[in-house]
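This report refers to the structure that appears directly beneath it.
A, B, ... follow the sequence lines: proteins, then strands. Residue 1 opens every chain.
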Amino acid sequence: MPSAKTQPARGMRDFLPEDVRKREYVISVIKEVYERYGFEPLETPAAENIETLMGKYGEEGNQLMFKILKRGVHEGTGEADLALRYDLTVPLARVVAEYRDKLPKFFKRYQIQPVWRADRPARGRYREFYQCDVDVLGSRSMIVEAEIISASSEALGKLGFSDFVVRLNHRKVLTGILDAAGIAQEKHVTALIALDKLDKIGADGVLREFEAREVVAAEAGKELLALFEPSGDNEEILARLERFIGSHVIGLEGLADLREIISYLPSSVVRIDPSLARGLTYYTGAIMEIQVEDLAGSMGGGGRYDNLIGMFLGRDIPACGFSLGLERIILVMSERNMFPVNLLRSPADVMMAVWRDAVEDALSVAAELRRQGLRVDVYPERDVKLGNQISYASKRSIPFVAFIGEEERGKGLVVLKNLKTGEQEILDRGEVAHVVLREVRRVE
RNA sequence: GCGGCAUUAGCUCAGUAGGUUAGAGCGCCAGAUUGUGGAUCUGGAGGUCGUGGGUUCGAGACCCACAUGCCGCCCCA
């Protein structure tokens, strides 16, 4: 039994070669799409000064943050002065505040890095996980929201997803709805938490929560919940919301934003969903989330946060972003077998077996094949029976084994065995690469 | 943070009402006429039964605590 000591820390994982291949594949697709939308790469340190992060994510976030004790003689104080980043948005806000004069007027960046949360691990949920963020800073235009939704959707599409939905809502609309329903300001957060659970616990469940937390009277609650019935297309939902909100100025601003956003996007992509709330406290405008059927949580989410950078800079810079969750994407893709087959290909195109006194010849042939662009594994021990060497290559599904025996030595000849067909031929060492390459390309 | 279930060889799991040296399948390593794999046969290595306490003449089995994992709640990517 692996003693507990060799397991990675709770909620964290080692990535074996196959895992890394999958991760790198997904990351490369996402990156490529983001680049095509004109986003530039950014990386920031794993740790931030603790005051940079504290208070940006609400009470829950403060608790789930991994804090780092002061080092050296100060360690005994038990005081933390650093923390591992909790998301990529707050570090971005810090960067923008710090380098304002060096960055373009509209800063579009993507960032694919790990973040850490001291959460309880669960399906698709870890304590160290990657976020793939895109953000646009410096513009209040709804074109930004549309572009971000479009880029994220396209990335998922490129990965092979076709059944996802982008749920779209707006903080201001929520404010309008809750005000119009007569819910007191200080009960708004409680009401939103309950509403967010609508698709999980149903309308009755939400009503019970309302009652339990004294959010709103039962009668008004029912009227409110009627708003959230999933019936109707986006236009009908928006009309319904507008009737309910009436003349609430803030709420109407939100509705106008939503109308503008969906007008820029194909109608099939986005679904207005008034029950979407999202936990992070820094959102101020549109909020969105991407969902697929067989995943309880979301595959990603984001929104507009016009005030966050102001917390660092002293003057507001509008911003909007979206974050895809790498491990959730990988989880669903693995379950659905969505990874391309050649990702799971063998570690090498050909293995050079080493035979008795021909080690140097084998190494020089290997070098030659590598120069031709082939991936060549050299069996790392000599004087091992040829059968065992071939068996080793076969188990690792390497398609070819090459070796130089007594009869070939000194003649510039190499035996090349195709492990799939079992056939083998004696070739001039110059021909080997050609034969292997032909087969490798045929398979790919 | 709360509740439930789990933890025995590298992997998946058996282990009868607590009783001598803990098992299987797969995998791994090797052998079956000195240069040929996948099939078959044979053999081998590998576990202080998650950790620490306790009950007992005796515990992998029972009790407690802790750790880790899974499923709900909470929250979230």
Side-chain angles (χ1 to χ4, degrees), chain A residues 1-13 16 30 57-65 85-89 112-133 152 189 192-194 196-197 200-201 205 209 276-281 288-292 295-302 321-332 351 353-358 379 383-409 415-426:
Chain A
M1 183 65 228
S3 74
K5 283 169 198 151
T6 60
Q7 294 176 336
R10 171 168 207 192
M12 304 197 180
R13 294 151 304 151
L16 297 183
I30 292 172
Y57 308 103
E59 196 48 45
E60 188 88 12
N62 288 350
Q63 280 179 13
L64 295 180
M65 208 175 287
R85 65 164 107 78
Y86 187 85
D87 72 358
L88 302 177
T89 307
I112 301 174
Q113 286 194 283
V115 305
W116 292 268
R117 296 182 189 176
D119 231 341
R120 181 159 189 163
R123 177 180 143 91
R125 184 183 212 178
Y126 304 95
R127 294 181 142 196
E128 177 182 57
F129 62 97
Y130 272 62
Q131 294 196 320
C132 312
D133 276 34
S152 311
V189 174
L192 288 180
I193 291 171
D196 201 37
K197 289 186 250 177
K200 237 188 204 171
I201 61 178
E209 290 239 355
L276 175 68
R278 287 187 67 71
L280 295 178
T281 50
M288 49 254 187
E289 215 165 86
I290 291 192
Q291 284 196 326
V292 291
L295 189 71
S298 69
M299 286 218 292
F322 196 91
S323 178
L324 287 171
L326 178 66
E327 3 293 296
R328 292 185 175 180
I329 291 172
I330 290 171
L331 176 76
V332 176
M351 188 191 86
V354 291
W355 191 245
R356 299 192 170 174
D357 299 321
Y379 194 86
D383 299 332
V384 172
K385 284 181 140 189
L386 186 57
N388 293 343
Q389 298 194 38
I390 292 174
S391 171
Y392 174 77
S394 176
K395 273 163 196 154
R396 302 180 69 211
S397 42
I398 297 172
F400 287 97
V401 170
F403 63 92
I404 300 162
E406 299 285 325
E407 293 162 27
E408 293 79 34
R409 272 192 79 195
V415 179
L416 182 67
K417 184 178 176 75
N418 182 328
L419 294 191
K420 274 181 203 148
T421 63
E423 288 162 9
Q424 71 181 46
E425 48 190 332
I426 301 175

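- Side-chain contact of A:Asp87 with A:Tyr57: a donor-acceptor pair under 3.5 Å is present, judged by distance alone.
- In this model, the phosphate group of B:C29 is not approached by any side-chain N or O of A:Lys385 to a distance below 4.0 Å at OP1 or OP2.
- Residue contacts shown for A:Gln424 include a base, since a base heavy atom lies under 4.0 Å away.
- The interatomic distance linking A:Leu192 (CG) with B:C76 (P) rounds to 11 Å, in whole Å.
- Looking at heavy-atom distances under 4.0 Å, A:Gly11 makes contact with sugar-phosphate atoms alone, never a base.
- Counting non-hydrogen atoms under 4.0 angstrom, A:Gln291 reaches nothing in the nucleic acid.
- Contact annotation: A:Lys197 side-chain N/O to B:C74 OP1/OP2 distance is under 4.0 Å.
- Residue contacts shown for A:Arg120 include a base, since a base heavy atom lies under 4.0 Å away.
- Across all strands shown, A:Glu407 has heavy atoms under 4.0 Å from base atoms, whether or not it also approaches the sugar-phosphate.
- Atom C1' of nucleotide B:C28 and atom CG of A:Asn388 are separated by 13 Å, given to the nearest angstrom.
- Here A:Ile193 lies in heavy-atom contact (under 4.0 Å) with sugar-phosphate atoms only.
- A salt bridge links A:Arg13 to A:Glu327: one of the charged nitrogens lies within less than 4.0 Å of a carboxylate oxygen.
- When the C1' atom is compared between B:C63 and B:U55, the two are found 7 Å apart, to the nearest whole Å.
- Judged by distance alone, with hydrogens and angles left aside, A:Glu60 brings no side-chain donor or acceptor close enough to the base of B:G1 to form a pair under 3.5 Å.
- Distances were taken from every side-chain heavy atom of A:Gln7 (C-beta onward) to each of B:G37, B:U68, B:A77; the shortest belongs to B:U68.
- Rounded to a whole Å, the OH atom of A:Tyr57 is 24 Å from the P atom of B:C74.
- Residue A:Ser323 is classed as having no contact, given no heavy-atom separation below 4.0 Å to the nucleic acid.
- Within 4.0 Å of A:Val415, counting heavy atoms only, lies at least one base atom of the nucleic acid.
- Contacts of A:Tyr126 with the nucleic acid, taken as non-hydrogen atoms under 4.0 Å apart, include base atoms.
- Atom P of B:A6 sits at a distance of 10 Å from the matching atom of B:C62, rounded to the whole Å.
- Distances from the side chain of A:Lys417 to the nucleotides B:A77, B:C74, B:G37 place B:G37 closest.
- Residue A:Arg10 has its side chain nearest to B:G69 when only B:G69, B:A77, B:U36 are considered.
- Side chain of A:Asn418 to main chain of A:Glu423: no donor-acceptor pair is present (N/O by atom type, distance under 3.5 Å, no hydrogens or angles).
- Looking at heavy-atom distances under 4.0 Å, A:Tyr392 makes no contact with the nucleic acid at all.
- Across all strands shown, A:Ser394 has heavy atoms under 4.0 Å from base atoms, whether or not it also approaches the sugar-phosphate.
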